[in-house]
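Position 1 is the first residue of the sequence; numbering continues from there.
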Amino acid sequence: MGKEKGNDGKLSFDEFKAYFIDGVLNSEEMHELFRTIDSNNTDNLNIEEICEYFSQHLGEYENVLAALEDLNISILKAMDKTKKDYQGSCNLEQFVTRFLLKETVNQLQSLQNSLECAMETTEEQTRQER
């Protein structure tokens, strides 16, 4: 997130609203959500409160986010190995590395496209309900 103005690691309601507003919840509903998340009743949210709230609502996304975290670690390890080994590799090995990088990018872009489509669909359904 990192959008808090005071860099104190806490979000005021205005900062929370600016970050989370998506056109679905009105200002009153956003304030109610803020108060629900603010379990310490400080009128500021810390990262622990935000994580606690959303972790209770993960459902199937818990598996998705865990898999993405594992994927990120795997990609970083592969990038580190590529950085170390690429220059010393023969042409064929460099070709294979470039192919694998390109295929990884294609797979990630395909995943991103699917997620963007799902977001657009849920936004459209929300607009129709309002």
From [X] atom [atom1] to [Y] atom [atom2], the distance as rounded to the nearest 0.5 Å:
X	Y	atom1	atom2	answer
K17	S12	NZ	OG	11.0 Å
D43	L11	CG	CG	13.0 Å
M79	S74	CE	OG	10.5 Å

Applying side chain to side chain donor-acceptor pair (under 3.5 Å), name anything that partners [X], two or more places apart in sequence or on another chain.
X	value
Q112	E116
S114	none
N41	none

Quick one: closest heavy-atom pair of [X] and [Y], and the distance?
X	Y	value
K10	E15	O-OE1, 3.4 Å
N44	D38	O-OD1, 3.4 Å
I21	M30	N-CE, 3.9 Å
N46	N40	ND2-ND2, 3.5 Å

For this session: Using the salt bridge (charged side-chain N to carboxylate O under 4.0 Å, His left out) rule, collect all pairs that involve residues 64-86, keeping only residues at least two apart or in two chains.
Result: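 Passing the test, one end in residues 64-86: D80-K84, K81-D85.
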Exercise. Which pairs count as salt bridge (charged side-chain N to carboxylate O under 4.0 Å, His left out) when at least one residue sits in residues 49-60, sequence neighbours excluded?
Worked result: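 Salt bridge (charged side-chain N to carboxylate O under 4.0 Å, His left out) check on residues 49-60 returns no pairs.
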Exercise. L58 and I37: same hydrophobic cluster, using ILVMFWY side-chain contacts below 4.5 Å?
Worked result: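 No.
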Problem set entry | Cluster link L68 to F54, ILVMFWY, side chain under 4.5 Å |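 Cluster IDs for L68 and F54 differ.
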For this session: Apply ring pair (Phe, Tyr, Trp, His ring centres under 6.0 Å) to Y61 and list each qualifying residue two or more places apart in sequence or on a separate chain.
Result: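 Scan of Y61 (ring pair (Phe, Tyr, Trp, His ring centres under 6.0 Å), adjacent residues dropped) gives none.
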For this session: Can you sort out the partners of F13 under ring pair (Phe, Tyr, Trp, His ring centres under 6.0 Å), two or more places apart, ordered by chain and number?
Result: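 Scan of F13 (ring pair (Phe, Tyr, Trp, His ring centres under 6.0 Å), adjacent residues dropped) gives H31, F34.
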For this session: Verify the neighbour count for atom CG of N91: are there more than 12 heavy atoms of other residues, nucleotides or ligands below 6.0 Å?
Result: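 Not more than 12 within 6.0 Å, no.
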Exercise. With a cut-off of 6.0 Å (strictly less than), are more than 12 heavy atoms of other residues, nucleotides or ligands near CD of E123?
Worked result: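 Enclosed.
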For this session: Please name all residues satisfying side-chain contact (heavy atoms from CB on, under 4.5 Å) with S110, sequence neighbours left out, ordered by chain then number.
Result: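 So S110 forms no side-chain contact (heavy atoms from CB on, under 4.5 Å) with any residue.
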Problem set entry | Those residues that, when tested against E124, pass side-chain contact (heavy atoms from CB on, under 4.5 Å) (two or more places apart) |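 Here the qualifying residues are R127, Q128.
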Exercise. Any ring pair (Phe, Tyr, Trp, His ring centres under 6.0 Å) pairs touching residues 71-118, not counting sequence neighbours?
Worked result: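 Sorted result for residues 71-118: empty, none.
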Exercise. According to the ring pair (Phe, Tyr, Trp, His ring centres under 6.0 Å) rule, which pairs have a member within residues 103-124, sequence neighbours left out?
Worked result: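 Checked against ring pair (Phe, Tyr, Trp, His ring centres under 6.0 Å) - neighbours excluded - no pair reaches residues 103-124.
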Which side-chain N or O atoms in residues 100-108 pair as donor and acceptor under 3.5 Å with protein atoms at least two apart or in another chain?
residue : atom : partner : partner atom : Å
E103    : OE2  : Q107    : NE2          : 2.8
T104    : OG1  : L100    : O            : 2.8
N106    : ND2  : K102    : O            : 3.4

Exercise. What's the verdict on side-chain contact (heavy atoms from CB on, under 4.5 Å) for L25 and F20, showing C-alpha distance, side-chain angles and the deciding distance?
Worked result: CA-CA 10 Å; L25 300 180; F20 286 100; over 6 Å; no
